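These values consider heavy atoms only, across backbone and side chains, with no hydrogens, waters or symmetry-generated copies. A note on names: the letters A, B, ... follow the listed sequences, proteins ahead of strands, and every chain is numbered from 1. What you are looking at is a predicted structure, and each value in this text was computed from that prediction instead of being measured.
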Protein chains: 2
Amino acid sequence: MKKRILISDIAKALGISVTTVSFILNDKAKEKRISEALTKRVLDYVKKVGYKPNELAKSLRTGKTKILGLIIEDISNPFFGNIARLIESKVYEQGYRIIYCSTNNDVEKAKELIQMFYDRQVDGFIITPSDGLEDTVKQLQQNNIPVVLFDRYFPDLETDYVGADNFQGAFDASNHLCQQGYRRIGFVSLYSDQTQMKERSDGYMKAMDNNKQQSFIQKIQMDASDEEAMESLREFICENRLDAVLFSTNYLAISGLKASKKFNFTMPAVIAFDDHTVFKLVEPSITVVSQPIKDIAENLINILLLRLQGKIKATRRMVLPCELKVRESTKVKVTS
Amino acid sequence: MKKRILISDIAKALGISVTTVSFILNDKAKEKRISEALTKRVLDYVKKVGYKPNELAKSLRTGKTKILGLIIEDISNPFFGNIARLIESKVYEQGYRIIYCSTNNDVEKAKELIQMFYDRQVDGFIITPSDGLEDTVKQLQQNNIPVVLFDRYFPDLETDYVGADNFQGAFDASNHLCQQGYRRIGFVSLYSDQTQMKERSDGYMKAMDNNKQQSFIQKIQMDASDEEAMESLREFICENRLDAVLFSTNYLAISGLKASKKFNFTMPAVIAFDDHTVFKLVEPSITVVSQPIKDIAENLINILLLRLQGKIKATRRMVLPCELKVRESTKVKVTS
DNA sequence: CTGAAAGCGCTAACAA
DNA sequence: TTGTTAGCGCTTTCAG
């Protein structure tokens, strides 16, 4: 926490010019053919006095902030929270920093956030886009700011993207339910055009078709309160006498669990998309479709960093496999 | 997302000097006795073209970044996560931004983080200090960087602080357990000298003494794995035939729940410090001591902002009351 | 009231 | 190989 020392201080102390120091500090020593001896002398001195360049001045000069903007749906959802954490630590090693914000699926807020990050000159973006954010993303691209989308994408816009195989995940989960002997299998989703929801829905329906089962689909308003969601779910499950339900997100499943507790009805077999601490602790524990969080995070930043270095030209879309973690909630059905 | 416009652009467009524009933009119009008409003309133009000052340049010049550093124990713990969110939005209105990082109670990491934030010239800090961070905090103060601590503090260091009334919270919880008829009441804590743990422990013991009950205290290593914690808890609860347990943190309680599930023993009456989604959903739902998160967040930033404006001289220590939320886990004991 | 100009600390042409 | 110096965009002192 010693007082701040400047590049000019070290130049003076060593009796050389700031240019030389700057070159050495920026790994341009050999390129500029600066003697090894001098280089070492400077580096040693720098380490000794613990010099740290003023990042503000650097950014102002170079136009690069080494800061990445992460725009996600909800940081308090462990799925996103974990991805954020992984991204943060990964990117840290590369000398980048992350700033993040939640949109809570509100387009206006998302636009505002992106504008703010843009004003703050972040070097690049990782975004879980809400409906209606297509134009904003396009503008970013036109301004030459690298953007990589995740969790969902815009079919009509060429963008880098990393996400899970939602179709397969939902398909496998639904099939599993059929194989365990369930016959009245519902699917709970959101009123949203986001691709991941569409894909999960398609996966569910495909499985129902393959197994010659009827489909029961309930959608919830994205801005519904917990109470409203619970009420809809109670009705959906009870009125249809469902014996199994696939929830398309972890928080919908949690609302379902709360509903069964509040309205005192027995929860049928349950599978949730995305894991959560709750699912392991609840009785019975809940089977989940788990996304490959680590892979997603790694690919996300790999792609973004490559873009930043201009080492990539074609857009990349990566789809990673999900894993079905079977737990107690989907035991073989006991026919009464 | 229009192209960036500079203060000189607007000066040129309006045929005046940058100084004038700068004064107006920084609310120094009347102080510098600039005509109302001109002021309005400039403001209108600025709004029209959507000018946003370059924050980097501003910070470089003024030495103020308008960024606050938030160093917390674990962002993925909803207690801290919620506080972080509240602080973020509150502070946003005042034109400040937050950058945050988790220490996971690792002193070295905390020191590193603080150094990094200091290098990045944050204007002030909010910190949940880990053991051993006293000197670092002292140095910050000596460098005239405002710091306000929360959740715990250093008894020997004069610092601003905001936290809950841990003693009272633990005392009330323990008393409640006694009143419900429990007799073998355990307390689970951490091997740590942090003040909040000490206070909770004191509250528990005081209640045990008042009720003439024996104390059972189990401490867990802070760096223990989940498995180790579960094993210790199983042993503690089963061997002592406890009929009630007060957990000093939410994640310890969660480990307890996991243990009871894994080792298949019946959980006695439970109270946890700090609420969590899990506690409402689990069967039976868990009684908790809930900290006044909103109050804590508000006071934290109020104090920090006052400090930043130099409007405060004496250090402030605020202790806010906790609330006991009684749920199913602490029903009146049925004597067998 | 308003303008010119000096920096904040750093990078990188351009010279030497 | 190395030094001089012009900015990056903004605030603020000092002169009008």
Show me the protein contacts with nucleotides 12-16 of chain C, counting only N or O atoms at under 3.5 Å.
residue, atom, partner, partner atom, Å
C/dA12, OP2, A/K28, NZ, 2.7
C/dA12, N6, A/T19, OG1, 3.4

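Looking at heavy-atom distances under 4.0 Å, A/L56 makes no contact with the nucleic acid at all. A/I34 comes within contact range of the sugar-phosphate backbone alone, with a heavy-atom separation under 4.0 Å but no base atom that close. Residue contacts for A/S59: at a heavy-atom cut-off of 4.0 Å it reaches no nucleic acid atom on any strand shown.
As a whole-Å value, the separation of A/L25 CG from D/dT2 P is 15 Å. Atom CG of A/L14 is separated from atom P of D/dT2 by 12 Å (rounded to the nearest Å). For A/L6 and C/dG9, the CG to P distance is 5 Å, given to the nearest whole Å. For the pair A/I16 CD1 and D/dT4 P, the computed distance is 12 Å after rounding to whole Å. The separation between A/K66 atom NZ and C/dC10 atom P is 17 Å, rounded to whole Å. When rounded to the nearest whole Å, the span between CD of A/Q121 and C1' of D/dC8 equals 10 Å. Put simply, CG on A/D27 is 16 Å from P on C/dC10, counting in whole angstrom units. Between the CD1 atom of A/I10 and the C1' atom of C/dG9 there is a distance of 13 Å, rounded to whole Å.
Among residues two or more places apart in sequence or in another chain, the side chain to side chain donor-acceptor pair (under 3.5 Å) test is passed with B/D44 by B/K40. Take B/Y100 and apply the ring pair (Phe, Tyr, Trp, His ring centres under 6.0 Å) test, not counting sequence neighbours, and it matches A/Y100. Shown here are the ring pair (Phe, Tyr, Trp, His ring centres under 6.0 Å) partners of A/F117, two or more places apart in sequence or in another chain: there are none. Partners of B/Y96 according to the ring pair (Phe, Tyr, Trp, His ring centres under 6.0 Å) rule, which considers only residues two or more places apart in sequence or in another chain, do not exist here.
Between B/T20 and C/dT2 there is no side-chain polar atom (N or O) within less than 4.0 angstrom of OP1 or OP2. Here A/Y51 does not reach the OP1 or OP2 of C/dG9: none of its side-chain N or O atoms lies under 4.0 Å away.
A side-chain donor-acceptor contact under 3.5 Å links A/Q115 and A/D119. In this structure, a donor-acceptor pair under 3.5 Å is absent between the side chains of A/D151 and A/Q194.
Distances were taken from every side-chain heavy atom of B/N54 (C-beta onward) to each of D/dT2, C/dC10, D/dG9; the shortest belongs to D/dG9. The nucleotide whose nearest atom lies closest to any side-chain atom of A/L60 is, among C/dT2, C/dT11, D/dC8, D/dC8.
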Run the side-chain donor-acceptor check on residues 58-68 of chain B: report pairs under 3.5 Å with partners two or more places apart or on a different chain.
residue, atom, partner, partner atom, Å
B/S59, OG, B/E55, O, 2.9
B/S59, OG, B/K64, O, 3.1
B/T62, OG1, B/K58, O, 2.9
B/T62, OG1, B/K64, N, 3.1
B/T62, OG1, B/K64, O, 3.4
B/T65, OG1, B/I67, N, 3.3
B/T65, OG1, B/Q121, O, 2.7
B/T65, OG1, B/D123, OD1, 3.3

